[in-house]
J.: 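Encoded as structure tokens, here's the structure I'll be asking about.
Only a predicted model underlies this, so the values are computations on that prediction, with no experimental measurement involved. Counting starts at 1 for both ligands and their atoms, following the listed order.
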Amino acid sequence: KEKGKSEKKKDDKKKDDKKAAAKGPAISLDPPSGTRDFFPTEMRFRNWLFGAFKETARRYGFQEYDAPVLEHEELYKRKAGEEITEQMYNFIDKDGAAVTLRPEMTPSLARMVLSLMRAETGEMSALLPLKWSSIPQCWRFETCQRGRKREHYQWNMDIVGITSIHAEVELLSAITTFFELVGITSKEVGIKVNSRKVLGAVLKNAGVPDERFTETCIVIDKQDKIGPEAVVKELTENIGLEKAVAERIVNATAAKTLDEFAALAGVGESPEVIELRQLFTLAEEEGFGDWLIFDASVVRGLAYYTGVVFEGFDRAGVLRAICGGGRYDRLLTLYGSPKEVPCAGFGFGDCVIYELLKEKQVLPELPHKVDFVVAAFNQDMMGKALQVARLLRKAGKSVDVYAEASKKVAKAFNYADRAGAERIAFVAPDEWSKGLVRIKDLRNFKPTDPDELKQKDVPINDLGN
Ligand SMILES: Nc1ccc(Br)nc1
């Protein structure tokens, strides 16, 4: 009877386990909607990409900074109808504070710079110009239906305190240097450049009040998505522009050259046009003019841009904008700066660049690698094997210690292969008694090489050299 009961219990448990397995895991194994896990393979690509971002920033003399992913919502309250502020991942926290996961980094930079300025009692000439770089994770709350991602990493480069277009030229130059670092040329990618100031002159000429400027830009930025007719409709119905004015603006954005745009817009050789011409001339002289193209339709979708704007694009026209940026001279004033502080910067997301590298077949091969696998001949030798691993690690080598102590070297070789080891160090009693460790080279030899080329017995004290 007893036996029957315990057998029954075992059967019941087996059945429960089977049911549970059929039902699937108790918890979801996916990350929250719109977010990504970075398993080691993806993490190796991300580290490689961020490495190129950081190397570019280093070559241009930029300093790294960071800020909390969580910010006060007020930092982004610009009420200009931008998508970025309408999709904030915001909430009321347990203190009742209105906070948000940051949708972009520039406002945090502005806040930090202003805090430095306050600390410097309003003066910050000692700090300027400052050139700061960061790769923040930025967030948006997308409806699940659109199935778009809710987070991305966005390389930011900003220059604060330079009024001339020298800042924009350096930023554009840095973008081209990054692309060349990752194997992309100006044949595959271009950077569209325009100036909101030139557009501003058009609006002024057409009698559009200044306060309509920002929202007009936001509507024009949607032209690629909604088309010129819808832009005219929005400009007239939502912003109240004359139809003729709205059509002149939309026509002007179709201009193919700066001269044509200036003529269409009736702004001639205004300071804004001259400045834009200078930008192209400097780029040409530096040697990256072939990357740039004037495009009157580029205004970018951020309210705070006040001058030059630009965006990287793939010339094949397959992908959406790769990066984008511009001048924003009024943001610090908006946050309470007693005087205008000139700023320019760009953002460069981690997603489109992946698609571009894949499309152009220049994704890097990034296998997991270690310098050594260390294998013990038997359990008695495990302590010595760990001693060898420590010596190698002290010498800066990456070492993966094989946890099984087994005389079957094939198992150790198999492990070393999966670990991507360059060499394997066998710690065995005979060699050890002579103060030696047998090192076999796993990668840099031809199968036809004689054995002595593929392995050598190294004195323990020479390990790591
Ligand atoms: N601003 C923003 C944030 C997150 C993603 Br994904 N895209 C744009």
Side-chain angles (χ1 to χ4, degrees), residues 30-39 42-43 45-46 49-50 53 65-91 98-112 132-158 175 214-215 217-219 221-222 224-226 298-305 309-314 318-326 328 331 334-335 343-358:
D30 296 322
S33 169
T35 69
R36 298 166 291 170
D37 291 326
F38 286 83
F39 290 93
E42 291 84 358
M43 198 63 199
F45 171 77
R46 176 172 136 185
L49 178 67
F50 289 15
F53 286 155
Y65 71 102
D66 198 2
V69 68
L70 187 72
E71 284 280 11
H72 288 291
E73 191 186 59
E74 64 180 354
L75 210 54
Y76 312 96
K77 284 282 176 206
R78 306 189 286 249
K79 300 185 184 58
E82 301 150 279
E83 189 180 71
I84 197 167
T85 55
E86 288 167 354
Q87 293 186 323
M88 264 195 284
Y89 209 124
N90 59 335
F91 56 97
V99 291
T100 184
L101 296 181
R102 65 186 162 210
E104 55 170 333
M105 193 59 155
T106 308
S108 300
L109 172 129
R111 175 179 60 71
M112 289 170 71
W132 286 4
S133 175
S134 189
I135 313 175
Q137 187 177 35
C138 296
W139 293 80
R140 67 183 172 195
F141 192 84
E142 270 279 1
T143 55
C144 294
Q145 285 79 344
R146 289 193 71 172
R148 293 201 298 174
K149 288 191 329 32
R150 286 180 171 170
E151 55 76 23
H152 72 165
Y153 286 86
Q154 189 192 54
W155 176 37
N156 274 246
M157 293 270 276
D158 289 274
I175 291 172
T214 301
E215 50 194 317
C217 290
I218 302 302
V219 170
D221 179 60
K222 296 189 283 191
D224 279 356
K225 287 184 214 86
I226 64 176
V298 170
V299 282
R300 299 299 294 164
L302 293 172
Y304 48 69
Y305 286 137
V309 284
F310 50 85
E311 72 186 30
F313 70 103
D314 83 293
V318 171
L319 302 169
R320 57 194 192 285
I322 305 164
C323 58
Y328 54 99
L331 193 59
L334 178 72
Y335 289 162
C343 302
F346 67 78
F348 198 129
D350 67 332
C351 296
V352 181
I353 183 64
Y354 177 83
E355 298 304 324
L356 179 76
L357 294 169
K358 192 165 67 174

J.: For the residue pair R46 and F38, would you count it as a cation-pi contact if the rule is NZ or CZ under 6.0 angstrom from the ring centre and within 45 degrees of the ring axis?
T.: yes
J.: Assess the side chains of D158 and Y328: does a donor N or O sit below 3.5 Å from an acceptor N or O?
T.: yes
J.: Check for me whether R300 meets the cation-pi criterion with F310, that is, NZ or CZ under 6.0 Å from the six-membered ring centre and within 45 degrees of the ring axis.
T.: no
J.: I'd like to know if the side chain of Q87 reaches the main chain of R140, judged simply by a donor and an acceptor atom lying under 3.5 Å from each other, with no hydrogens or angles considered.
T.: no
J.: Side-chain donor-acceptor contacts of residues 66-73 below 3.5 Å, not counting sequence neighbours, with atom names and distances?
T.:
| unit_1 | atom_1 | unit_2 | atom_2 | d |
| --- | --- | --- | --- | --- |
| E71 | OE1 | R111 | NE | 3.1 |
| E71 | OE2 | S108 | OG | 2.8 |
| E71 | OE2 | R111 | NE | 3.3 |
| E71 | OE2 | R111 | NH2 | 2.6 |
| E73 | OE2 | N90 | ND2 | 2.5 |

J.: Please determine whether side-chain contact (heavy atoms from CB on, under 4.5 Å) holds for the pair F53 and Y153, giving the CA-CA distance in whole Å, both sets of side-chain angles, and the decisive distance to 0.1 Å.
T.: CA-CA 11 Å; F53 286 155; Y153 286 86; over 6 Å; no
J.: Measuring from each atom of ligand 1, which residues have a heavy atom under 4.0 Å away?
T.: I84, P103, C138, W139, R140, K149, R150, E151, H152
